[in-house]
There are 2 protein chains.
Amino acid sequence: MLLDIAFTENVSARYEALGWHTIWVKNGNTGYDDIRAAIKEAKRVKDKPTLIKVTTTIGFGSPNKANTYSVHGSALGSKEVEATRSNLQWFHEPFHVPDEVKRHWSHHIDEGASLEAEWNAKFAEYEKKYHQEAAELKSIISGELPSRWDNALPTYTPESSPDATRNLSQQCLNSLAKVIPGFLGGSADLATSNMTLLKMFGDFQRDTPEERNIRFGVREHGMGAISNGIAVHSPGLIPYCATFFVFTDYMRAAIRLSALSESGVIFVMTHDSIGLGEDGPTHQPVEQLFSLRAMPNILMLRPADGNETSGAYKVAVLNRKRPSVIALSRQKLPQLKGTSVDSVSKGGYIISDNSSDNKPDLIVIGTGSELEIAEKAADELRKEGRTVRVVSLVCWELFEEQPEKYKESVLPSEVTSRISIEAGVTFGWEKYIGQKGKAIGIDSFGISAPAGKIFKELGLTVENVIAAAKAL
Amino acid sequence: MLLDIAFTENVSARYEALGWHTIWVKNGNTGYDDIRAAIKEAKRVKDKPTLIKVTTTIGFGSPNKANTYSVHGSALGSKEVEATRSNLQWFHEPFHVPDEVKRHWSHHIDEGASLEAEWNAKFAEYEKKYHQEAAELKSIISGELPSRWDNALPTYTPESSPDATRNLSQQCLNSLAKVIPGFLGGSADLATSNMTLLKMFGDFQRDTPEERNIRFGVREHGMGAISNGIAVHSPGLIPYCATFFVFTDYMRAAIRLSALSESGVIFVMTHDSIGLGEDGPTHQPVEQLFSLRAMPNILMLRPADGNETSGAYKVAVLNRKRPSVIALSRQKLPQLKGTSVDSVSKGGYIISDNSSDNKPDLIVIGTGSELEIAEKAADELRKEGRTVRVVSLVCWELFEEQPEKYKESVLPSEVTSRISIEAGVTFGWEKYIGQKGKAIGIDSFGISAPAGKIFKELGLTVENVIAAAKAL
């Protein structure tokens with residue numbers, strides 16, 4: 001068989017090894033009874049999923065092109081279409097649906113109507129007995145969020161304890177799961193690192209479908225695909241899925257499909273930079289922020305502290321027509337003074353500024369864990385008498401969607417002394433710092449060491465921001 | 001078992017379904033004889049690969065932490081290390097290698113020396129009988145390229161026929177395979193679309209290891225991983241692997257590992273834009289150029305015609321310490337006037353310019369299939385009396401590595417009227433066009449239609465470049 005040069009696996013045996021029931025229909029072109037029997041059998045098997053392998057001939061019916069690869073990539077052409085119709089004894093006009101076929105399908109309309117009526121009656125009864133559960137189901141079907149759901153998200157003051165944003169994220173996840181009935185998800189076998197367990201729920205398994213912690217296993221692509229499926233199932237199902245940020249590379253196609261099909265999946269991506277430390281360059285994302293910022297219809301959020309983490313989740317829950325990727329730190333970060341939950345929805349905003357007009361000497365732009373460095377450097381420069389603004393650019397896509405006037409108020413075009421600091425590639429920052437600005441970042445793969453050492457070694461320091469400011 | 005919540009597959013059965021021989025060592029912690037026997041058995045099985053499943057206890061020997069997940073992510077701690085040493089009856093100082101162990105391993109040194117001498121004698125004999133084959137093997141081991149190997153690459157004039165760069169790429173692949181003995185590769189089941197078949201060779205299969213067409217099957221990640229393995233095996237093995245450009249998303253982790261481990265793999269990526277037409281947005285890359293430009297230690301090349309395609313391959317073959325991704329068109333492109341094979345190594349260069357000084361009114365920068373549009377628009381604008389320069393930015397990374405003086409000669413900073421045109425997201429182009437420039441591109445997913453229609457619909461047209469020029 002020609003296929004043998006590239007593919008020799010026994011697909012059914014592989015699925016059986018994965019715990020599936022399998023059925024083989026040997027003649028998928030005309031074996032209608034076998035197909036019907038296979039579907040019936042699959043429905044009977046309740047304890048596992050079923051794979052029906054159906055052997056067919058590609059281009060079946062075409063006298064000259066059946067069983068050739070040319071049928072896959074190009075149209076038959078009118079002559080071969082004619083020959084195929086004649087061969088299959090199909091003499092109707094193109095696009096004509098014969099009465100026989102119409103009748104066969106029409107009875108499904110009545111059947112469907114009766115099934116729907118039956119379900120509605122059942123649900124009405126259920127609603128009487130289980131008022132709260134019925135309301136929850138309705139909200140999952142309709143997608144209507146409970147009123148003031150976002151009050152559940154925690155807020156912080158600078159006096160609140162420093163914490164890793166992955167931990168602050170877990171508080172958001174747990175708070176949201178309490179108030180939103182369709183909020184559920186899990187991690188690709190990293191729940192205790194990603195901090196994604198919903199503490200008041202058990203594991204979603206075959207016998208516990210009412211629980212909400214999904215154990216995806218080490219299969220990032222599958223996790224993304226499953227989450228896409230959950231999101232498109234009902235407007236009120238809000239799935240999140242988690243892994244290390246660098247492993248978005250393993251699920252990029254699933255993230256892209258999420259964006260393309262307008263699914264509001266929340267991708268919880270912890271260990272978001274060299275700040276993860278000892279695991280080294282294979283685990284340290286440096287280019288992932290930009291590779292996702294480049295993707296259409298996606299929100300790439302990188303919160304700096306507790307308020308921004310809550311704000312990121314607020315944005316993510318509200319955006320039901322595009323996925324959100326939330327990048328979170330492994331390492332502890334302080335609660336900053338100028339951050340707020342609601343500012344995140346603007347994508348970028350002023351954290352601090354000691355200029356009285358809208359013309360600071362310098363603008364330092366940061367995201368995530370580097371916003372702290374930006375703030376500290378700004379404070380030093382202010383002590384020396386300079387006016388410095390610090391801007392958090394937590395989500396580029398949302399900032400771009402703001403009115404020009406707002407954007408200009410945050411980043412006035414006449415202030416060309418600009419520095420960006422972000423623990424990732426500098427490529428792309430020209431957009432906001434201009435060709436004269438200075439981007440501080442990491443244009444190589446990371447290194448293995450404790451986080452503090454790496455930040456110093458790679459130059460992501462207060463001193464370097466100050467030096468860059470003086471050089472500008 | 002705790003693992004059951006996330007993983008229930010029968011791994012051995014799965015590998016058997018994939019055609020492997022499998023062996024199970026049930027006691028991997030102390031069953032030394034079983035391990036030895038398994039390795040012997042695996043060596044005996046010649047007709048397929050062997051998977052040895054070895055069951056072990058994580059943290060074996062640690063009295064308090066064995067069989068817990070905490071052993072995976074954190075160190076035992078000095079107290080538990082002490083307890084473990086005592087439990088295992090290991091009373092040597094840390095890092096001390098007992099004589100018994102030393103003796104056991106030392107005899108392998110003599111054994112290795114004798115095996116090497118044996119091989120050398122055998123090779124000397126072989127070299128006498130098979131002079132050419134021996135020379136080829138030596139060049140594969142050493143990595144030395146044949147002299148003037150690059151003369152094999154075809155060159156073109158504007159009179160040469162228009163052609164898709166995927167076709168021009170196939171000529172390069174075939175020319176290189178003829179002169180470089182270690183040049184080999186294949187496609188992820190798209191050889192007839194990627195145009196990657198080496199016509200003078202057959203398929204590399206179990207019984208034909210002397211052939212050079214590798215049929216990777218529809219497994220992009222595996223293809224990338226295999227190619228990485230080939231590249232690191234010997235300096236003279238130069239593997240290429242191919243699929244549609246959008247499917248780099250499926251193999252991003254393998255491409256990243258290629259970059260991180262400094263493997264000179266050539267990634268041949270055809271159907272590089274909306275220009276692929278009817279297959280639509282799932283198959284149309286728009287963000288892939290930037291998501292790969294963001295990756296460290298990689299060359300992202302997008303040639304515009306035959307000369308640049310040959311130039312891209314020259315660069316790729318010479319860069320043995322970083323991977324090259326070559327993006328190629330499905331659609332026909334004309335052979336342009338100002339392109340050349342050797343200019344590609346500079347990453348960016350002037351294609352045409354009607355200004356007499358180094359100060360054209362406008363610079364239009366393009367890559368790949370859009371360079372033709374840039375040229376046509378420039379011609380129109382020149383007719384109206386403007387001075388216009390067209391720059392091909394075929395490889396950003398190589399351009400960035402040029403001396404400042406050269407870069408300034410191509411893109412003089414005082415010329416701020418700049419337009420970029422590329423069939424992909426505009427994000428990132430600020431680097432070269434500045435904040436005042438105009439980027440023409442596609443900031444959404446693609447659409448399904450014949451290529452020409454999509455280019456028009458999405459505004460990648462000569463008219464739009466002219467309009468943008470007039471607006472600047």
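Each chain gets a letter, A, B and so on, in the order its sequence line appears, and its residues count up from 1.
No part of B:W20 comes within reach of chain A, as not one of its non-hydrogen atoms sits under 4.5 angstrom from that chain. Only the side chain of B:V246 has a heavy atom closer than 4.5 Å to any heavy atom of chain A. Only the side chain of A:Q288 comes within contact range of chain B, with heavy atoms under 4.5 Å apart. Heavy atoms of B:Y69 lying under 4.5 Å from chain A belong exclusively to its side chain. Only the backbone of A:D443 comes within less than 4.5 Å of a heavy atom in chain B; its side chain stays farther off. Within the 4.5 angstrom heavy-atom criterion, no atom of B:A254 approaches chain A. Residue A:T192 touches chain B through its side chain alone, counting heavy-atom pairs closer than 4.5 Å. Contact of B:S261 with chain A is not made at all, since no heavy-atom distance falls under 4.5 Å. When heavy atoms are compared at a cutoff of 4.5 Å, A:V425 approaches chain B solely by way of its side chain, counted from C-beta outward.
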Inset, instruction - Take B:F290 and A:R293, measure what side chain to side chain contact (heavy atoms under 4.5 Å, CB included) needs, and give me the verdict at the end. - result: CA-CA 10 Å; B:F290 275 106; A:R293 283 175 185 148; over 6 Å; no
Inset, instruction - Quick one: do B:E287 and A:R256 satisfy salt bridge (charged side-chain N to carboxylate O under 4.0 Å, His left out)? Show the steps, please. - result: CA-CA 10 Å; B:E287 76 278 26; A:R256 189 179 208 254; 2.8 Å; yes
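Per-residue heavy-atom pair counts under 4.5 Å with chain B were compared for A:A188, A:G19, A:G434, A:G424, and the maximum is reached by A:G434. With chain B as the partner, the residue from A:A13, A:G428, A:A294 showing the most heavy-atom pairs under 4.5 Å is A:A294.
Proximity of B:N297 to A:S444: side-chain heavy atoms (C-beta onward) are nowhere separated by under 4.5 Å. Side-chain contact check for A:W429 versus B:E430: every heavy-atom pair is 4.5 Å or farther apart. Using a 4.5 Å heavy-atom cutoff, the side chains of A:F427 and B:M295 are not in contact.
Once rounded to the nearest 0.5 Å, the distance linking CG of A:N10 with CZ of B:R14 reads 14.0 Å. Atom CG of A:L3 sits about 11.0 Å away from atom CZ of B:R215, to the nearest 0.5 Å. Here NZ of A:K48 is found 10.0 Å from OG1 of B:T8. Values are rounded to the nearest 0.5 Å. Between atom OG1 of residue B:T248 and atom CG of residue A:D249 there is a gap of 10.5 Å, rounded to the nearest 0.5 Å.
A:Q205 places a side-chain N or O within 3.5 Å of a backbone atom of B:I5 that can act as its donor or acceptor partner. At least one donor-acceptor pair closer than 3.5 Å links the side chain of B:Q435 to the backbone N or O of A:K431.
Considering every non-hydrogen atom in both B:S291 and A:R252, the closest pair reads CB-NH2, 3.4 Å. The two residues B:Y250 and A:A253 make their nearest non-hydrogen contact at CE2-CB, 3.3 Å.
Shown here is A:K53, whose NZ atom has more than 12 heavy atoms of other residues, nucleotides or ligands within 6.0 Å.
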